[in-house]
Amino acid sequence: MKDETSQCILNNFQLENLRRHVYRSTGKTVLDPYMQVFWCWLVERVPLWIAPNMITLVGLVINVGTSLVLVYYSSDGHSTAPPSAFIICGVGLFIYQSLDAIDGKHARRTGTNNPLGELFDHGCDAFSTVFVIIAYGIATDLGPSYWFFYLCCVCNFMFYAAHWQTLVSGVLHFGQFDVTEAQIFLIGAQLWTGLFGANLWNIELYEGFQFKHAMLCLSTICSCASFIFSGNVATILTGGIGKNGATIADTSVLSPGIPILLLTGMFYKILEESDTMFYQENTVLFLLTMGLAFTKVTNSLVVAHMTKSPPTLVVDSIMLGPALMLINQYLSAPVPEQFLLWLVMLFTAYDSIRYCVDICKEICAGLNIPCLTMPEGVKLVSPPQPTKRASLRSRGPSEIESSPKRHSVRSAYSMNEVRKTVRTSSTSRIARIARRPTDSGSGASMSDKN
């Protein structure tokens with residue numbers, strides 16, 4: 001039992017709710033049924049001694065590393081990078097997508113799935129989103145413009161909103177155009193720029209409006225439409241399953257919007273009020289700082305959902321960085337803005353990573369489970385099988401279903417177990433009938449007559 005005095009974030013009530021947590025999802029995507037075939041083939045190549053969370057972490061490190069290659073060559077989002085850097089970045093994202101897709105499959109095939117796996121997966125997704133979007137902005141040559149800022153805000157908000165509605169309804173909803181489709185598009189954009197250059201993105205369709213801007217608007221419309229038509233907006237406004245239509249933590253369904261809107265407003269104010277060109281000269285650094293701040297509030301929202309506890313709203317250490325930058329601007333920048341931006345970025349990165357590490361440590365201690373290693377005596381539970389398209393049909397919120405995130409307790413690989421159970425139960429039933437005497441006392445059974 002973990003010493004209560006050592007708990008920094010989670011209390012016993014939250015840990016108990018975490019033990020009872022069950023991942024629930026509904027909805028379908030277009031590409032997932034086809035990708036399942038490759039993912040099921042891939043997970044069979046993973047050794048049993050590798051922990052599922054280690055698979056996720058390796059994918060994240062590869063994705064962040066390949067994205068930072070682009071950042072190194074183009075810190076302003078406009079400078080030209082070698083074609084190989086874009087190709088490497090696209091391959092890195094594909095590797096991350098593949099490893100992120102099989103971590104839950106590997107957990108179920110080894111019987112090691114637990115709530116920490118879901119939290120670890122979503123936490124890595126939050127960090128990955130920041131770097132993937134920045135890499136896409138560089139690949140499409142968005143440069144030091146408001147379009148780049150808009151891209152980061154929209155993508156981070158959509159990721160946050162998905163978990164917002166999960167806190168409200170207890171079920172993660174997926175639309176037809178979701179994570180898998182977005183990642184395939186981003187991979188394609190990186191490979192296109194690496195193979196053919198950025199000329200396509202810079203085609204001018206209208207005065208000051210280029211093809212890259214049109215693609216950004218189109219992807220925003222598609223994402224918002226998918227989010228709305230999958231019922232997420234209606235769920236947030238009317239779908240609370242707590243008391244009097246509240247969230248699962250019995251809090252206001254609109255309260256999770258406070259931290260994300262506050263952070264967005266603060267960073268926009270910093271960008272708008274700067275008297276220098278520090279955003280234009282440090283575009284990627286500024287957006288990276290903002291993205292890491294979004295990462296922490298998103299992860300805290302995931303923790304609130306899984307532990308059924310109120311989310312952190314305004315009183316959070318992650319708000320300190322942008323607040324200091326605003327104060328510095330109000331005082332006519334006594335501290336050089338670029339220097340302060342570096343300090344805030346380092347503090348934000350440290351605060352976000354520290355929060356995730358502390359949460360993982362507390363869950364491991366509270367639930368007595370390992371994080372990056374396998375427990376002793378792990379055996380293969382069942383081989384993976386591709387998820388059929390019909391299994392991804394939309395279901396009610398009360399049903400548990402395998403989903404693109406692959407953390408459901410209903411395994412996609414249980415068909416063999418079902419057949420085995422049916423055969424065993426049928427054999428047992430026949431055996432019981434065989435031992436039952438007939439009315440004539442002859443000792444013959446129904447099976448003998450048949």
Side-chain angles (χ1 to χ4, degrees), residues 1-25 43 46-61 99-100 102-127 163 166-167 170 172 248-249 296 298-312 351-382 384 400 402-403 405-414 417:
M1 185 70 180
K2 186 179 177 180
D3 184 8
E4 193 169 339
T5 59
S6 64
Q7 294 183 15
C8 302
I9 303 173
L10 302 179
N11 54 39
N12 289 332
F13 170 78
Q14 292 172 307
L15 285 173
E16 186 59 33
N17 285 336
L18 193 64
R19 289 189 185 94
R20 298 195 298 263
H21 172 74
V22 176
Y23 181 84
R24 302 173 188 272
S25 67
V43 73
V46 179
L48 296 182
W49 55 267
I50 297 180
N53 290 340
M54 180 60 74
I55 296 176
T56 312
L57 184 60
V58 169
L60 176 65
V61 171
L99 296 182
D100 184 49
I102 68 173
D103 55 0
K105 294 181 182 294
H106 183 60
R108 287 191 298 275
R109 72 194 281 257
T110 56
T112 56
N113 49 318
N114 53 59
L116 177 60
E118 178 186 342
L119 179 62
F120 199 90
D121 186 283
H122 290 314
C124 289
D125 286 342
F127 278 100
H163 295 285
T166 307
L167 177 67
L172 184 59
I248 60 176
K296 186 183 180 184
T298 301
N299 285 333
S300 65
L301 188 66
V302 176
V303 172
H305 155 239
M306 295 181 64
T307 59
K308 294 180 173 60
S309 57
T312 303
D351 194 40
S352 298
I353 296 174
R354 177 199 58 81
Y355 175 80
C356 295
V357 171
D358 288 347
I359 283 288
C360 290
K361 287 182 177 179
E362 292 183 16
I363 293 176
C364 289
L367 304 186
N368 193 26
I369 54 177
C371 181
L372 299 176
T373 58
M374 277 290 199
E376 296 182 1
V378 172
K379 297 180 180 179
L380 183 66
V381 175
S382 60
I400 305 170
S402 1
S403 71
K405 296 311 295 177
R406 296 157 295 279
H407 289 289
S408 170
V409 295
R410 175 185 293 177
S411 175
Y413 330 117
S414 59
E417 292 181 329

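Heavy-atom basis, side chains included; hydrogens, waters and symmetry copies ignored.
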To check you understand the geometry: which heavy-atom pair defines the closest contact between [X] and [Y], and what is its length?
X: Cys360; Y: Phe120; result: SG-CD1, 3.9 Å
X: Pro311; Y: Leu301; result: CB-CD1, 4.1 Å
X: Met306; Y: Pro115; result: CE-O, 3.1 Å
X: Phe127; Y: Cys356; result: CE1-SG, 3.6 Å
X: Ser352; Y: Lys296; result: OG-CB, 3.6 Å

*asked:* So, applying side-chain contact (heavy atoms from CB on, under 4.5 Å) with Ile359, which one of Asn299, Thr307, Val303, Val302 is it?
replied: Val303
Test item: [X] and [Y] side chains (from C-beta on) under 4.5 Å apart, heavy atoms:
X: Lys308; Y: Arg20; result: no
X: His122; Y: His305; result: no
X: Leu119; Y: His21; result: no
X: Leu116; Y: Leu367; result: no
X: Thr112; Y: His106; result: no

Atom [atom1] in [X], atom [atom2] in [Y]: separation rounded to 0.5 Å?
X: Glu16; Y: Leu18; atom1: CD; atom2: CG; answer: 9.5 Å
X: Asp100; Y: Asp125; atom1: CG; atom2: CG; answer: 4.5 Å
X: Thr110; Y: Trp49; atom1: OG1; atom2: CH2; answer: 13.5 Å
X: Leu172; Y: Tyr23; atom1: CG; atom2: OH; answer: 4.0 Å

*Would you say Gln14's side chain and Ser309's backbone share a donor-acceptor pair under 3.5 angstrom?*
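Judged by distance alone, no pair lies under 3.5 Å.
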*Quick one: does Arg109's side chain have a donor or acceptor within less than 3.5 Å of a partner on Leu48's backbone?*
no
_Residues which pass side-chain hydrogen bond (donor to acceptor under 3.5 Å, both in side chains) with Thr312, listed by chain and number, not counting sequence neighbours_ = none
Report all side-chain donor-acceptor pairs from residues 51-60 shorter than 3.5 Å, counting only partners two or more places apart or in another chain.
residue	atom	partner	partner atom	Å
Asn53	ND2	Cys371	O	3.0
Thr56	OG1	Pro52	O	3.3
Thr56	OG1	Asp103	OD2	2.6

*Decide salt bridge (Lys or Arg N to Asp or Glu O under 4.0 Å) for Arg354 and Asp351; before the verdict, give the C-alpha distance in whole Å, the side-chain angles of both, and the deciding distance to 0.1 Å.*
CA-CA 5 Å; Arg354 177 199 58 81; Asp351 194 40; 2.8 Å; yes
